[in-house]
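Throughout, residue positions are numbered sequentially from 1 according to the sequence presented. Hydrogens, waters and symmetry mates are skipped; everything else that's a heavy atom, side chains included, is used. Indexing begins at 1, ligand by ligand and atom by atom, following the structure's order.
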Amino acid sequence: MDPVRYDVEGCVAIARIDRADRLNALSQEVQERLTEVFAAADSTAEVRALILTGTGRAFSAGADIEELASNAEDAARQLHASLSFLSSPERMRKPVIAAVNGYALGGGLELALACDFVVASEQAVFGVPEPTLGVVPGLAMQRLPKLIGIIRAREVLLTARKLSAAEAYAFGLVTRVVPHDKLLDEARSLAGEVTRLGPHAVELLKAAINRNFQADDLLFAERANAWLFATADAAEGIKAFREKRSPNFSRAPRAG
Ligand code: COA
């Protein structure tokens with residue numbers, strides 16, 4: 001079954017992550033399919049904007065923890081590829097609107113933040129739970145201080161708290177919050193506003209805005225998680241998630 005549904009409605013394409021039973025976790029397969037869909041939208045002349053959303057209760061609950069757990073040694077390499085994938089909407093020529101229908105956690109939040117607009121359902125929930133797993137949200141820890149300011153970024157990152165849509169809006173993570181049943185209408189309406197503009201001007205504006213994010217500090221994020229994945233913290237955090245319990249992190253000296 002295709003984990004991403006892709007439709008074109010006039011000049012707007014809609015991609016739906018369709019893996020509701022895993023809360024649209026970003027498995028390798030989902031990432032590969034979304035990469036294809038992003039390329040298709042960007043290279044199809046008739047398409048002027050892309051809406052990205054999820055089916056079921058989540059936009060996306062982030063990295064696929066089962067995949068990370070099943071191959072912990074390879075987790076760091078997977079995370080390297082994920083950093084590039086998660087920031088890929090920033091590098092698209094066409095505007096992308098994240099229509100956040102539910103949980104946007106970890107990589108799910110990072111993917112939404114790499115889009116040009118974030119329209120959220122009132123039922124959306126945002127957060128970066130990676131530290132509860134003993135690892136770090138590689139892209140969010142680089143981007144959030146720039147996007148929402150250091151004070152707010154500290155609260156989001158250092159508490160790993162889940163934010164309601166209203167809180168996310170107040171924090172500046174979200175463009176608009178709308179009733180759940182109006183989410184796609186609002187995303188389409190926003191797409192309509194952007195696609196009325198000169199497409200080359202939009203492309204240049206988008207590139208200019210995102211130039212701020214082209215720094216090379218993702219290497220730091222990659223190395224941080226490569227190191228963290230080898231710690232007992234990450235082993236315990238991931239084990240605890242799979243066993244549906246709270247992690248019990250030790251204060252013992254770190255290895256390595
Ligand atoms: N990767 C893989 N599977 C995931 C997942 C993820 N990121 N997030 C959720 N799932 C799976 C659950 O394991 C569960 O599977 P099961 O039915 O086989 O038990 C299913 O999706 C439904 O999730 P569940 O946890 O039962 O739903 P909930 O409503 O109780 O909780 C969340 C929802 C989002 C709070 C919870 O799923 C969660 O914390 N997910 C992990 C988020 C995260 O840490 N993301 C960053 C990863 S680095």
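Salt-bridge check for Glu67 with Arg22: failed, with every basic side-chain N at 4.0 Å or more from each acidic carboxylate O.
Contacts between Ala63 and ligand 1 below 4.0 angstrom, taking non-hydrogen atoms only, involve backbone and side chain alike.
Residue Leu133 has no N or O atom closer than 3.5 Å to an N or O atom of ligand 1.
Across every non-hydrogen atom of Val100 and Ala112, the tightest pair is CG2-CB, 4.2 Å. What you find for Pro247 and Gly237 is that their closest heavy atoms are CB-CA, 4.2 Å. In this structure, Ile17 and Asn24 approach most closely via the heavy-atom pair O-OD1, 3.2 Å. What you find for Leu105 and Phe126 is that their closest heavy atoms are CD2-C, 3.8 Å.
The Lys162 neighbourhood of ligand 1 comprises atoms 35 (C), with distances under 4.0 Å to a heavy atom of that residue. Residue Asp21 has at least one heavy-atom neighbour below 4.0 Å for each of these atoms of ligand 1: 20 (C), 21 (O).
Among all non-hydrogen protein atoms, the one lying nearest atom 14 (C) of ligand 1 is Lys244 NZ, 4.2 Å. Shortest contact from atom 1 (N) of ligand 1 to any protein heavy atom: Ile65 N, 2.9 Å. Nearest to atom 27 (O) of ligand 1 among the protein's heavy atoms is Arg57 NH2, 3.2 Å. Here the protein heavy atom with the shortest distance to atom 42 (C) of ligand 1 is Ala61 O, 3.5 Å. Annotation: atom 18 (O) of ligand 1 to nearest protein heavy atom, Arg22 NH1, 3.1 Å. Scanning all protein heavy atoms for the shortest distance to atom 9 (C) of ligand 1 gives Leu23 CD1, 3.8 Å. Scanning all protein heavy atoms for the shortest distance to atom 41 (C) of ligand 1 gives Phe241 CE1, 3.4 Å. Scanning the protein for heavy atoms near atom 34 (C) of ligand 1, the closest one is Leu105 CD1, 3.4 Å.
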| Thr55 and Asp18: side-chain hydrogen bond (donor to acceptor under 3.5 Å, both in side chains), yes or no, with the steps? | CA-CA 5 Å; Thr55 57; Asp18 192 12; 3.0 Å; yes
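The environment of Phe171 atom CZ is dense: over 12 non-hydrogen atoms of other residues, nucleotides or ligands sit within 6.0 angstrom.
In this structure, the side chain of Arg152 does not engage the main chain of Leu144 through any donor-acceptor pair within 3.5 Å.
Distance check on atom 37 (O) of ligand 1: some protein heavy atom falls below the 4.0 Å cut-off.
Within the model, atoms CZ of Arg33 and CG of Leu26 stand 14.5 Å from one another, a figure rounded to the nearest 0.5 Å.
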